[in-house]
2 protein chains.
Amino acid sequence: MTVTIRDVARQAGVSITTVSRAFNGYQDVSEETKKKILQVAESLNYRPSRVARSLVLQQTQSVGLMISDFNVNPGGHHFLFDVIAGVHDRLAYLGYDITLVSTTTARQRLISYIDFCTERRLEGVIVMGMRLDDPYMQEVAEAKLPSVGIDLPILSRYCGYVMTDNVNGARQGVRYLISQGHRSIGFVNGHAQAAVSVDRLRGYQTAMQEAGLEVKEDWIIHSNFLVDGGETATRQLLQNHPEMTAIFYASDLMAIGGMRCIQRMGKKVPGDIAVLGYDNIDLGEWVTPMLSTVAQKRYEMGVAAADMLMGMLLRQEEPGGRLLPPSLVIRESS
Amino acid sequence: MTVTIRDVARQAGVSITTVSRAFNGYQDVSEETKKKILQVAESLNYRPSRVARSLVLQQTQSVGLMISDFNVNPGGHHFLFDVIAGVHDRLAYLGYDITLVSTTTARQRLISYIDFCTERRLEGVIVMGMRLDDPYMQEVAEAKLPSVGIDLPILSRYCGYVMTDNVNGARQGVRYLISQGHRSIGFVNGHAQAAVSVDRLRGYQTAMQEAGLEVKEDWIIHSNFLVDGGETATRQLLQNHPEMTAIFYASDLMAIGGMRCIQRMGKKVPGDIAVLGYDNIDLGEWVTPMLSTVAQKRYEMGVAAADMLMGMLLRQEEPGGRLLPPSLVIRESS
DNA sequence: CACTATACCCAAAACGTTTTGGTTTGGCAA
DNA sequence: TTGCCAAACCAAAACGTTTTGGGTATAGTG
């Protein structure tokens, strides 16, 4: 059926050792036989089997890409897609394969994360989209398998992470709003089970305190990162606190929902209420007014995560926590 | 290092044959020894190696997911992410693994699609995001490897496809505009190298002709599926044809760009110009006015593609062309 | 001529499974 | 006793590679 190294060897009149060595660029095979072998291989359409290779080499050159709750992650694509692209490009460039892993049921029975990975002999894993209260969290953190989390600050012997410097991102954002003269600044945060929410909250608090402004608990609302959540949170904020002149959102999606709500209430953005988002998704440029936001480098996060994992795998580097700098992009909404 | 079936066998005092058979649910191993084996395996943390298994079984239980131009596909996430989720969920459910494949350079040298897949012994491939003029197209079509394209109508002995019924989608959409009294209806299509563009154009033409309306060539513009493309195309259309009262777009992104343009020109949607998009991306609900659109079932497309591929693999079914029904969702923009 | 160095090549073992074609054991009927 | 059967187990081959530890010429050197 499939053509093997043995077929090539027979056809070329050499041993399989020689074929193998010819293919792997060893020096102890003459130019002549090498040419012959390559030519025979070509004519037979021979492709070396990675699985046989993996078996004997005891390494698969492949890592898992774990995306939590793939199917029930509305709006997740705005963030995750670019990260995946970054991870993919970097790993593919280094010759590593990517296998998709999910936390959801496979074959109807729940298979443990670590079982899945060791059965496939994955050499490492990149984890994304996971909540802090996800039951798999523990497993990932404790596994003796090199892994790096994206927006998931777990650090251990085998486990590093990459995320945007959310404390500073939020801090810079709020600081900008303050610099524009705002004093009553609301904050619509994401849900508390996202690591980023914790940091962004701290950034907000820090910026307010640094400016000598009081941090009022009921200026802060936890929502869901999505447009509708931003809308309802905004309504609540504005009804209870008419003095508010600016709102900072922990995601662009919520900010877009917020702008919509504000405009529906007959107020102007940024005239009456300034709006600042977080993420810099493509659509921020296309809403009216154009959304100001704290930008995350999503593709670069993927690349950084891949690099960290490769560092562990290839050069036994220690995992760490890598923070990528955010940047402020001011458009029209603030 | 890693614990193998041999370790389990030794520790349990049986042969590796018996361990294997115990694990695979054969009947000729007594309850007692089976219990013993399972217990030993548990205590040793034994996990059978899929790679050894693949080698002897001559099947990997894994398929490729090929995403064309992963990194240079702005806006692609709106469509591709959900499809990927569908493909993933279905295949994971059936116990198949997914390996990411891209058309881009791996290890700096261009590796052929078919080489990539056979080296890894992938059993099939699902291809998405590919243009008709992609150099890989030919290769996919001619490969003796079961594959199904998404929005890529190539049909051969080994190659099927899944797409939305774009002819009817466009036809229904335009028909709706006509039913609302519009007679001068522009069409902003995607680029001609996308299979869907061909079909949507035909749908537009059909609907116009069925209503006895003339199809004017310069009412039709080919653009790029993206917001900015929609914006410029709209400006062009409206400047040259002030009589136009409705525009149909081949993507929601372009429709959103179009609405922005129309509003910038001081006209009202849908009062002056009615707008109808295509895709039903999440943001259509959150622009003002809310976007009317032809909805595609993205997740279901992924599931259908996975199902077709599995049908070929598991039950030797013939590949075919599966068309999923679109549906009209009318909101405020038309 | 004997010895050594070099260039080229190869047999066999190993990787961790599955499966084939057995063997062994004990029980039971004739 | 013998023969037969079923239940429980196993040795060995196979899957397609890589690598180790050689071997055999040929050419060069003293």
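Letters A, B, ... are given to chains in the order of the sequence lines, protein chains preceding strands, and every chain is numbered from 1.
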Quiz item: Among D:dG16, C:dT17, C:dA11, which nucleotide sits nearest the side chain of A:Arg121?
Solution: C:dT17
Rounded distance (Å) that lies between atom [atom2] of [N] and atom [atom1] of [X]:
X: A:Asp28; N: D:dT26; atom1: CG; atom2: P; result: 18 Å
X: A:Ile5; N: D:dT18; atom1: CD1; atom2: C1'; result: 8 Å
X: A:Arg21; N: C:dC9; atom1: CZ; atom2: C1'; result: 10 Å
X: A:Asp7; N: D:dC15; atom1: CG; atom2: C1'; result: 13 Å
X: B:Glu119; N: D:dT17; atom1: CD; atom2: P; result: 10 Å
X: B:Arg50; N: C:dT17; atom1: CZ; atom2: C1'; result: 13 Å
X: B:Ile37; N: C:dT17; atom1: CD1; atom2: P; result: 14 Å
X: A:Gln59; N: D:dT17; atom1: CD; atom2: P; result: 17 Å

Quiz item: Given that B:Lys34 and B:Leu55 both sit by DNA chain D, which one's nearest nucleotide is further toward the 5' end?
Solution: B:Lys34
Quiz item: Has the side chain of B:Thr17 got a donor or acceptor that lies under 3.5 Å from a partner of the other kind on the base of C:dT19?
Solution: yes
Looking at every strand, decide which applies to [X] at a 4.0 Å heavy-atom threshold: base, sugar-phosphate, or nothing.
X: A:Leu57; value: sugar-phosphate
X: A:Thr2; value: sugar-phosphate
X: A:Val51; value: nothing
X: A:Tyr46; value: sugar-phosphate
X: A:Ser20; value: base

I want to check one thing: is the phosphate of [N], taken as OP1 and OP2, less than 4.0 Å away from some side-chain N or O of [X]?
X: A:Thr18; N: C:dC9; result: no
X: A:Ser49; N: D:dG16; result: no
X: A:Arg47; N: D:dT17; result: no
X: A:Thr33; N: C:dC9; result: yes
X: A:Gln58; N: C:dG16; result: yes
X: A:Arg6; N: D:dG16; result: no
X: A:Tyr26; N: D:dT19; result: yes
X: A:Thr4; N: D:dG16; result: no

Exercise. Evaluate the ring planes of B:His77 and A:Phe81, with Trp represented by its six-membered ring, and classify them as parallel (under 30°), tilted (30 to 60°) or perpendicular (over 60°).
Key: tilted
Quiz item: Between the main-chain N or O of B:Tyr113 and the side-chain N or O of B:Glu139, is there a donor-acceptor pair closer than 3.5 Å?
Solution: yes
Quiz prompt | Exam field: side chain B:Arg90 to backbone B:Val87, donor-acceptor pair closer than 3.5 Å | solution = no
Quiz item: Do the ring centers of B:Tyr46 and B:Phe23 come within less than 6.0 Å of each other?
Solution: yes
Practice problem: Establish, from distance only, whether the side-chain atoms of A:Tyr158 and A:Glu142 form a donor-acceptor pair under 3.5 Å. | Solution: no
Self-check item: Short N-O contact, A:Asp134 and A:Arg131, less than 4.0 angstrom
Solution: no
Self-check item: Upstream residue (5' side of DNA chain C) when A:Ile16 and B:Val3 are each assigned their closest nucleotide
Solution: A:Ile16
